[in-house]
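Just below is one structure, and these are the notes that go with it.
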Amino acid sequence: MTDFLLELRSEEIPARMQAKAREDLARLFAAELAQSGIAAAETITFATPRRLALILRGLPEATEAVREEVKGPRSSAPPQALEGFLRKTGLTREQLEERDGVFFAVTERPGRATAEVLAAAIPAVIRAFPWPKSMRWGADSRSTESQRWVRPLHGIVALFGGEIVSVTVAGVESGAATLGHRFHHPGVITIGSAADYVEKLRAAHVIVDQDERMAIIRDRATALAREAGLELIADEGLVAENAGLTEWPVPLLGRFDAAFLEVPPEVIQLTARVNQKYFVCRDGAGKLANAFVCTANIAATDGGAKIVEGNRKVLAARLSDARFFYETDLKVALEEQARKLEKIVFHEKLGSVAEKVERVAKLAEWLATERIVPGCDPRLARRAAELAKADLVTGMVGEFPELQGVMGGYYAAAQGEPREVAEAIRDHYKPVGQGDEVPTAPVTVAVSLADKIDTLAQFFAEDMKPTGSKDPFALRRAGLGILELLARNGLRAHLFGVVNNAMMLRAPANPVCVDEVMQFLIDRLKVQQREAGVRHDLIDAVFALGGEDDLVRLLARVHALQSFVGTDDGANLLAGYKRAANILKKEGVDTAEWKPLAYAPEPDEASLIAALDAAEPAAADAVANEDFEAAMAALATLRAPIDAFFDTVTVNDADPAKRDARLALLARVRAAVHSVADFSRIEG
């Protein structure tokens, strides 16, 4: 078995494209080799700013000869069938084999040297490579048929064992030579094989393993902060990005003017991260410190002093711009900024952002007034909603859209708005994704809920629902946000009425649209609960009851059911229920009126009747009180009487009166169980 090395060296590959490029390189090569019946024992990929590399371990020296048989029509079949088979296989009648009256097309493909397979695969993979953005270069670029790559391709290393796999792509011939670090080792390096690739490049100041570069950046940046008495603010995305920008990463700590700390910390962190790719630090009190960590691509002879100073000056200029935006924005009242929202289109079918703000304000005020959000002051809810989007027209949010809401909260606090209003403006977009913080402050909850319900209701009203994987208006995220807010805060809302009210803020509500929104939310809840480990059949068992739009109560019922069916009582009651339901289905009994018996019941029949007499009202009372655990406990008392009933009582008795009464008794069992959940939907 032999290893194969491929390195594609080019001008700078954007950091954001490198991880996907590694996946694509491995996938495309595996597909090419599979066509020849070859598979590597192990596939390793590397990416740096200047190279994309692949090592395939354990390849055979040659492919095996392959004999393929395709079964055709019978020899007695019509001529047209045979002609079609010959066209499909490309063979003649004489080349077919006939066995037991059936034609077979037999082809034998001789083995090939693996080096030949690789030589054909390399240009095929390069041609098919799905870069998000690519370019043509040189004189050939005048033709649309010329080779494309992410950046101009400069070198190809292709070694099978120690032998060069000879290919030419876009005028670049393969070989064993590559280049080291642009500054530390710009000269040519000769690679012997896949075995020495990583270490030879390391000796030339290139760390090809992206995971190793990430570890160096993460560990050294953390250590530098610790040595300065600080704590690095973790940012794995920034670690990966810096690893994608460097081949020899050298983290360095610098300081900026502490006066800039007057600017909100989120602004400083975003300025450092987005514009400069710097890490920031916090002090022992948890506050942002005037320190940054940049990642150089060289080991400077002065220890990095000049690099740090240069980066400090660039950061200072960026922070000066940020401070200017902040101070300028503060001079304009949020109320005045909000008036500018009339000129911003929310959606061509849904009007301006100002119109959306007014709808959200009315809905938030209503949620507070109706005590759907307990403890919320309706006046503060309206005020917060009216100002919630005002920062969209500020200079700071124009520069950093990620800070919408956050900056509004700062401006509101600085301009004397109540704390509840400032917090609601800051957090009303939350939760924005799975795992995000869910607001609990009443005013914030009211505004956040109103904002998301309005978005959902209005887009559905205009028939702009998500379809398949397409969700351009992030309605699934809005739906999950609504569910998180309701569940986290235990809000008791009849959602049908809330959605109906939201739709009426623009036009008369369409009951069909309201139903669609409700079904959409229920579907989102199913997905959410499945991801949380709740069995899908139990969710369906509760939803099948219908008529329930209080999601908090629904969830309580689902969780109680999940606990119950995991017990022996639950499992046995389910078995007894299914036996009863199957008999009723077989006999075609949908409903049956229960009447006092006109005959003396058998002992176990009487026991089941007595158990139902006690369990039915107990379960009903428990459901009314939303004590679903108690409702399950009441049903559990039916387990033994049902088992005994089936052991000793004949349901299909020869006496029609007894048969009808016993079927009605089983229907009563089914109805009692259905007061809690539709057990027919439960698997097992």
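Residue pairs meeting the side-chain hydrogen bond (donor to acceptor under 3.5 Å, both in side chains) criterion with at least one member in residues 361-379, sequence neighbours excluded: E365-R382. Applying the salt bridge (Lys or Arg N to Asp or Glu O under 4.0 Å) test to pairs two or more places apart or on separate chains, those with a residue in residues 479-495 are R492-D550, R492-E626. The ring-ring contact (aromatic ring centres under 6.0 Å, His included) analysis of residues 442-479, with sequence neighbours excluded, yields the pairs F346-F459, H347-F459, H347-F473, F459-F473, F460-F520. Identified under the ring-ring contact (aromatic ring centres under 6.0 Å, His included) test for residues 259-295, with sequence neighbours left out: Y278-F292. Pairs engaging residues 395-414 under the side-chain hydrogen bond (donor to acceptor under 3.5 Å, both in side chains) rule: E266-Y410, D329-Y411, Q404-Y429 [sequence neighbours left out].
Within the 3.5 Å criterion, the main-chain N or O of L245 finds no donor-acceptor partner in the side chain of K277. A distance-only check finds a donor-acceptor pair linking the side chain of D627 to the backbone of A630 [under 3.5 Å].
In terms of the side chain to side chain donor-acceptor pair (under 3.5 Å) criterion, E23 has no residue partners (sequence neighbours excluded). The side-chain contact (heavy atoms from CB on, under 4.5 Å) search around N275 returns T271, R318, F400, not counting sequence neighbours. Residues that satisfy the salt bridge (charged side-chain N to carboxylate O under 4.0 Å, His left out) test with K389, not counting sequence neighbours, are D451. Judged as a side-chain contact (heavy atoms from CB on, under 4.5 Å), and not counting sequence neighbours, the contacts of Q519 are I522, D523. Remark: A228 pairs with L230, L253, R255 by the side-chain contact (heavy atoms from CB on, under 4.5 Å) rule, at least two apart or across chains. Listed by chain and residue number, nothing satisfies the side chain to side chain donor-acceptor pair (under 3.5 Å) test with R557 (two or more places apart in sequence, or in another chain). Shown here are the side-chain contact (heavy atoms from CB on, under 4.5 Å) partners of V332, two or more places apart in sequence or in another chain: E336, Q337.
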- Stepwise side chain to side chain contact (heavy atoms under 4.5 Å, CB included) test for E462 and Q458: CA-CA 6 Å; E462 292 294 338; Q458 303 310 330; over 6 Å; no

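A salt bridge links K465 with E516: at least one charged nitrogen is closer than 4.0 Å to a carboxylate oxygen. Taking the charged nitrogens against the carboxylate oxygens, R681 and D537 have no contact shorter than 4.0 Å, which rules out a salt bridge. Salt bridge present: K526 and D540 bring a charged side-chain N and a carboxylate O closer than 4.0 Å. For the pair E335 and R383, the salt-bridge criterion is met [side-chain N within less than 4.0 Å of a carboxylate O].
Side-chain contact, K356 with T455: a donor N or O sits under 3.5 Å from an acceptor N or O. Side-chain atoms of D569 and T567 include no donor-acceptor pair closer than 3.5 Å.
When side chains are defined from C-beta on, P132 counts as touching M17, because their heavy atoms get closer than 4.5 Å. Counting heavy atoms from C-beta outward, L495 and L551 have side chains that approach closer than 4.5 Å.
Between F564 and H559, the distance separating the two ring centers is not shorter than 6.0 angstrom.
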